[in-house]
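Note that the coordinates shown come from a computational prediction; the quantities given were computed from them, not determined experimentally.
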Amino acid sequence: MEQLAWLPVHEDLGAALSAARRIADPAERLARAMHLSGFRRDFTATGRIERLAEAGLAAPPAELGLVPLRLAILASHTVDHLVPGIRVAGLHRGLAISVHVAPYGNYRQALLGEDPALAEFAPQLVLLALDAQDSPIALPLGASEADVEQAVAARVAELRHLWRRARERFNAQVVQQLLVATTPPLFGSYEAMVPAAPRTVLERLNAALRHAAREDGVLLLDLAAQMAGQGPADGLADPVRWHQAKQLVSPVMAPLHGDLVARIAGAVLGRARKCLVLDLDNTLWGGVIGDDGIEGIKLGQGNPTGEAFLAVQRYAAQLGQRGIILAVCSKNDMAVAEAVFENHPEMALRRGDIAAFVANWSDKAGNLRQIAKQLNIGLDALVFLDDNPAERDIVRRELPGVAVPELPEDVALYPAWLGAAGYFETVGFTADDAARGRSYALNAARQAALEQTTDLESYLRSLEMVLTARRIGPAELPRATQLINKTNQFNLTTRRYTEAEVQALADDPASLALALRLTDRFGDNGLISVILARPDASLRPEEWLIDTWLMSCRVLGRQVEAATMQVLTTLAAQQGIHALIGEYRPTARNGMVADHYSRLGFKPMAPLPDRPEGTLVWRYETRGATPFVHPIALDLT
């Protein structure tokens, strides 16, 4: 597969970059760099895009929607040539990434000793980029299984200590780069049978790192797996580049490496996509259903083309099972299109798997807007898979926020290209994630029930809702962090935190880190709200600042806000808190909650010091407050 093959090819990227260099305004140059970062590019073009964006990234305009992130790379091999690829890939994924590279080989000193530059940088993400040549596990080839196990355990223990130091010192999310084999096997296919063979030891070490990372909440960067098949030697561990410049990753592969790092960074900050929208004809099956009929389309076993389309469906179904919302956007007759899902015996996807199904003869850009509105998610949450290059081009031009991957001519390659694009990168997998697609489908049932009633209060009571509030612990931490980093609309401050930062606040006995779930007679809505409340230097000891209040838009209109406020005031009173101070920091996406605090009875107060311009501050006295009226049962046990 060609590097970054899922990105479209610019008709003349070099000329576009030359023209962009003549733009005087840094903000406009940055906007142009963001646009050009979405095209297929090599090492040279990537460097030119970074230079185009550099001045604008010093103070990126809010309207561009870039989320800042500070990344520190602590490496045992040369990585400076990889920085432009990371920053440009970040632009493509909506991130303004600042990068600090520690001195070559000094990763232990940086974390265990004093590194003033690293401390001043205060990284949010620490990439520990190590190679197999650094501190190798040197054992005689005749060493026993027990000797290997002991040596691997010692090396993993050292790295776990470094991970803990990074979290303790910076509250940073750690990413550990798995080790890449740099020497050929000694025993050929028999290598795995020799416990102390170099590649066997390396595989054992990587397996142990995977296990330790799961336990410690550390993320992994698996270069060997992600770069496989990208060209001669995959641009990875090339002995010529290694001996010349200690480069584990060749400059040729820097754009892909940058994308691999940026997609993890984006997932940490909640920028991963969450909905796959599927075309139908010649995307999920071969042929045109309106012309060929159910019996005439190519789908299923016994035919190579039919099996290829079935593989596309199975991959989409697996994405749905891991929590990606599935939708359909097709130029088709609705009844005819839906009938395939119900009646074709070889369909791997069924109608119940699809949370939003739009089939008509309108333009697809308009239908994608309808799907986003129906699901109550942003256009920047969508990935649109369509075999037709003309349709892909139109959607890219009309809806630049929607991800539209290029596709090869052979449908058998569709799953590989979609997977390689990394749109759905994640930093965790929870039961709530697995149930997300089903949750959106159940919302359609709730909406249908609402449309059949004329009495909203009776409808809400009929839902038999229960709001369960739990202090954030190990079980709630991954999903709570996900919500903090990806919720934009119902989010009063849009502060973003790493998992380590949320954990630190949850462990603070003077603060409150709360996760709230909502169930009703239709099912479990999952974790729908997160509240972080804490003391603040500008407030009195008996006052809490509501640092973060966010809620899933799926439960809007059900009086969950009032029920949540009842929970918050109850828990605040238990900790001797007499007043709650709420902030509203306006963004381009959260206007819907501008009057949130006033509707709950908060009173406006003077701005707090050192807040962004435009921040509004509200106060609520918990003593003597009137109980909130709502139709929701509360569970605070």
Side-chain angles (χ1 to χ4, degrees), residues 70-77 79 100 102-103 105-115 118-119 121-139 143 145-181 195-196 198 200-225 248 260-261 264-265 267-268 426-430 473-475 477-478 481 497-507:
R70 298 183 303 279
L71 165 68
I73 304 178
L74 281 56
S76 60
H77 53 88
V79 296
H100 171 85
N106 281 13
Y107 64 92
R108 291 184 182 88
Q109 296 91 320
L111 290 176
L112 300 179
E114 293 299 323
D115 186 333
L118 182 62
F121 184 70
Q124 298 165 282
L125 199 64
V126 171
L127 171 59
L128 201 56
L130 308 184
D131 59 81
Q133 302 291 342
D134 175 72
S135 302
I137 297 176
L139 293 169
E145 188 91 20
D147 293 334
V148 173
E149 185 174 344
Q150 183 179 10
V152 166
R155 179 64 167 144
V156 172
E158 179 197 6
L159 293 177
R160 293 181 88 159
H161 181 55
L162 296 178
W163 299 347
R164 287 192 291 272
R165 287 289 292 169
R167 285 197 301 269
E168 291 166 358
R169 294 185 64 182
F170 309 115
N171 275 335
Q173 173 66 60
V174 178
V175 181
Q176 173 67 55
Q177 181 174 294
L178 291 179
L179 302 176
V180 177
T200 305
V201 173
L202 196 66
E203 290 173 5
R204 289 279 295 271
L205 180 54
N206 278 336
L209 287 173
R210 291 184 181 98
H211 180 77
R214 280 194 297 270
E215 292 186 337
D216 288 18
V218 167
L219 304 177
L220 297 174
L221 173 62
D222 192 344
L223 294 181
L248 182 69
L260 297 176
V261 174
I264 293 175
V268 167
T426 187
V427 295
F429 181 62
T430 66
L477 182 61
T481 307
Y497 292 121
T498 65
E499 195 168 292
E501 289 170 326
V502 177
Q503 180 70 66
L505 197 146
D507 291 341

- Could you give the distance from CZ (Arg167) to CD (Gln173), rounded to the nearest 0.5 Å? 8.0 Å
- So do Leu112 and His161 actually touch side chain to side chain, heavy atoms under 4.5 Å? yes
- Message: To check you understand the geometry: which heavy-atom pair defines the closest contact between Val152 and Val201, and what is its length?
- Response: CG2-O, 4.4 Å
- d(Leu221 CG, Leu127 CG) to nearest 0.5 Å is 6.0 Å
- Residues Leu71 and Phe121: closest non-hydrogen pair is O-CE2, 3.5 Å
- Phe170 CZ to Gln124 CD distance, which is reported to the nearest 0.5 Å: 12.5 Å
- Message: Any non-hydrogen side-chain atom of Leu162 less than 4.5 Å from a side-chain atom of Leu159?
- Response: yes
- Note on the structure: Between Pro195 and Thr200, the two heavy atoms sitting closest are O-CG2, 3.7 Å
- Message: Around atom CD of Glu158, are there more than 12 heavy atoms from other residues, nucleotides or ligands closer than 6.0 Å?
- Response: yes
- Query: Around Gln150, counting heavy atoms of other residues, nucleotides and ligands shown, do more than 12 lie under 6.0 Å from its CD?
  - Reply: no
- Minimum heavy-atom distance between Arg108 and Asp134, given as atom pair plus value: NH2-OD2, 4.1 Å
- Check step by step if side chain to side chain contact (heavy atoms under 4.5 Å, CB included) holds for Gln176 and Leu130. CA-CA 8 Å; Gln176 173 67 55; Leu130 308 184; 4.1 Å; yes
- Is any side-chain heavy atom of Ser135 closer than 4.5 Å to a side-chain heavy atom of Arg155? yes
- Message: With rounding to the nearest 0.5 angstrom, report the CD to CG distance, Glu499 to Leu477.
- Response: 4.0 Å
- Message: Can you confirm whether Trp163 sits close enough to Leu128 that some side-chain heavy atom of one is under 4.5 Å from a side-chain heavy atom of the other?
- Response: yes
- Query: Any side-chain heavy atom of Pro478 sitting closer than 4.5 Å to one from Val427?
  - Reply: no
- Thr498 side chain to Ala172 backbone, donor-acceptor under 3.5 Å: no
- Message: Heavy-atom count check: over 12 atoms from other residues, nucleotides or ligands less than 6.0 Å from Glu114 CD?
- Response: no
- Message: Can you give me the closest heavy-atom contact between Ile73 and Ala129, atom names plus distance?
- Response: CG2-CB, 4.3 Å
Distance-only criterion, 3.5 Å: show the donor-acceptor pairs between side-chain atoms of residues 202-209 and protein atoms not counting sequence neighbours.
{"from": "Arg204", "atom 1": "NH1", "to": "Glu145", "atom 2": "OE2", "distance (Å)": "2.6"}
{"from": "Asn206", "atom 1": "OD1", "to": "Leu179", "atom 2": "N", "distance (Å)": "3.0"}
{"from": "Asn206", "atom 1": "ND2", "to": "Leu179", "atom 2": "O", "distance (Å)": "2.9"}

- Is there side-chain contact between Asp222 and Arg210, with at least one heavy-atom pair below 4.5 Å? yes
- Query: Which atom pair, heavy atoms only, marks the closest approach of Arg169 to Asp115?
  - Reply: NH2-N, 4.2 Å
- To the nearest 0.5 Å, how far apart are CD in Gln177 and CG in Leu74? 12.0 Å
- Message: Using 0.5 Å steps for rounding, measure from the CG atom of Leu178 to the CG atom of Leu223.
- Response: 8.0 Å
